[in-house]
Amino acid sequence: MTIPAKMVKALRDRTGGGMMDCKRALEETGGDLEAAVDLLRARGAAKVSKRAGRDTNQGTIGSYVHFDRRVGVIVEVNCETDFVANTDDFRALAKDIALHIASEDPIAVRAEDLPQDVVEREKAVYREQVRAQGKPERIQDMIVQGKLKAFYKDQVLLEQPFIKDTALTIGELVTELSAKTGEKVEVARFSRFAVGQRG
């Protein structure tokens with residue numbers, strides 16, 4: 001099957017992939033644009049996982065202040081080079097994440113950043129709920145783990161669905177930019193301020 005150049009361009013515009021990568025993905029999927037997008041995303045995620053140990057000493061600070069001036073956020077997003085840090089895509093990511101944090105109020109960047117006492121308290125509540133519902137003992141731990149996963153999705157930044165596109169989590173959004181730039185990209189930390197709230 002011959003892949004038209006405009007289809008390759010359409011895939012490249014959507015994913016930021018290289019021309020040859022886009023062409024190969026379309027050939028492998030028989031010209032199915034959506035399947036090619038998924039294929040490139042999966043390959044990008046695989047490449048991103050190989051970059052996990054690399055240093056991220058560059059980056060930017062993203063910020064957002066809500067229109068009523070009652071909520072504000074600053075977030076540090078890191079990458080490997082100042083070249084990537086200075087791109088429009090990278091700065092837009094930092095701004096989008098700051099906006100998301102203002103709206104969704106996560107309590108940690110990643111699940112392992114949560115204080116252990118918070119996790120244990122949640123587990124204890126879920127265990128009690130499961131016991132009170134009379135669930136069989138053999139499946140109680142599985143149910144508790146499922147509830148904990150839902151808690152992470154609600155409270156952990158990288159697990160939360162992105163407010164501008166709920167089909168993606170913030171973690172997937174970061175992975176997409178990492179795949180597009182060829183560099184490790186990560187959210188380092190954030191602070192959210194709300195008038196009248198302390199701590």
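Residues Pro106 and Val156 form no side-chain contact, since every pair of their non-hydrogen atoms from C-beta on lies 4.5 Å or further apart.
Using a distance-only test at 3.5 Å, with no hydrogens or angles considered, a donor-acceptor pair links the side chain of Glu172 to the main chain of Thr169. With Gln140 contributing its side chain and Lys135 its backbone, the two residues share a donor-acceptor pair below 3.5 Å. A side-chain donor-acceptor contact under 3.5 Å links Asn78 to the backbone of Gln58. Between the side chain of Asp154 and the backbone N or O of Ala150 there is no donor-acceptor pair closer than 3.5 Å. Between the side chain of Arg192 and the backbone N or O of Ile101 there is at least one donor-acceptor pair closer than 3.5 Å. Between the side chain of Asp82 and the backbone N or O of Ala85, no donor-acceptor pair lies under 3.5 Å. Of the possible polar contacts, none joining the Asp165 side chain to the Phe162 backbone as a donor-acceptor pair under 3.5 Å is found. Of the possible donor and acceptor atoms, one in the side chain of Thr181 sits under 3.5 Å from a partner among the backbone N and O of Leu177.
Remark: of the listed residues Leu99, Val109, Ile97, Ile97 is the sole one forming a side chain to side chain contact (heavy atoms under 4.5 Å, CB included) with Val75. Considering Glu128, Gln129, Lys123, Glu122 as possible partners of Tyr126, the one that fulfils the side-chain hydrogen bond (donor to acceptor under 3.5 Å, both in side chains) test is Glu122.
Using a 3.5 Å distance cut-off with no hydrogens or angles, the side chains of Thr81 and Glu183 do pair a donor with an acceptor.
With respect to the salt-bridge test (charged N to carboxylate O, under 4.0 angstrom), the residues Lys23 and Glu27 qualify. The pair Arg91-Asp88 does not meet the salt-bridge criterion, since no charged nitrogen lies less than 4.0 angstrom from a carboxylate oxygen.
Using a 4.5 Å cut-off between side-chain heavy atoms of Ile, Leu, Val, Met, Phe, Trp and Tyr, with links allowed through other members, Val185 and Leu158 fall into the same hydrophobic cluster.
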*Given the rule in the side chain to side chain contact (heavy atoms under 4.5 Å, CB included) test, do Val71 and Val65 qualify, once you have shown the distances and angles that lead to the verdict?*
CA-CA 6 Å; Val71 176; Val65 177; over 6 Å; no

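Hydrophobic clustering, defined by side-chain heavy atoms of Ile, Leu, Val, Met, Phe, Trp and Tyr closer than 4.5 Å, groups Phe193 together with Ile61, Ile74.
Minimum heavy-atom separation, Ala102 to Tyr64: CB-CD2, 3.5 Å. Of all heavy-atom pairs spanning Tyr152 and Leu114, the tightest one is CE2-CD1, 3.4 Å. Nearest heavy atom pair, residue Leu157 against residue His100, reads CD1-CD2, 3.6 Å.
Applying the salt bridge (Lys or Arg N to Asp or Glu O under 4.0 Å) test to Lys153 and every residue at least two apart in sequence or in another chain returns nothing.
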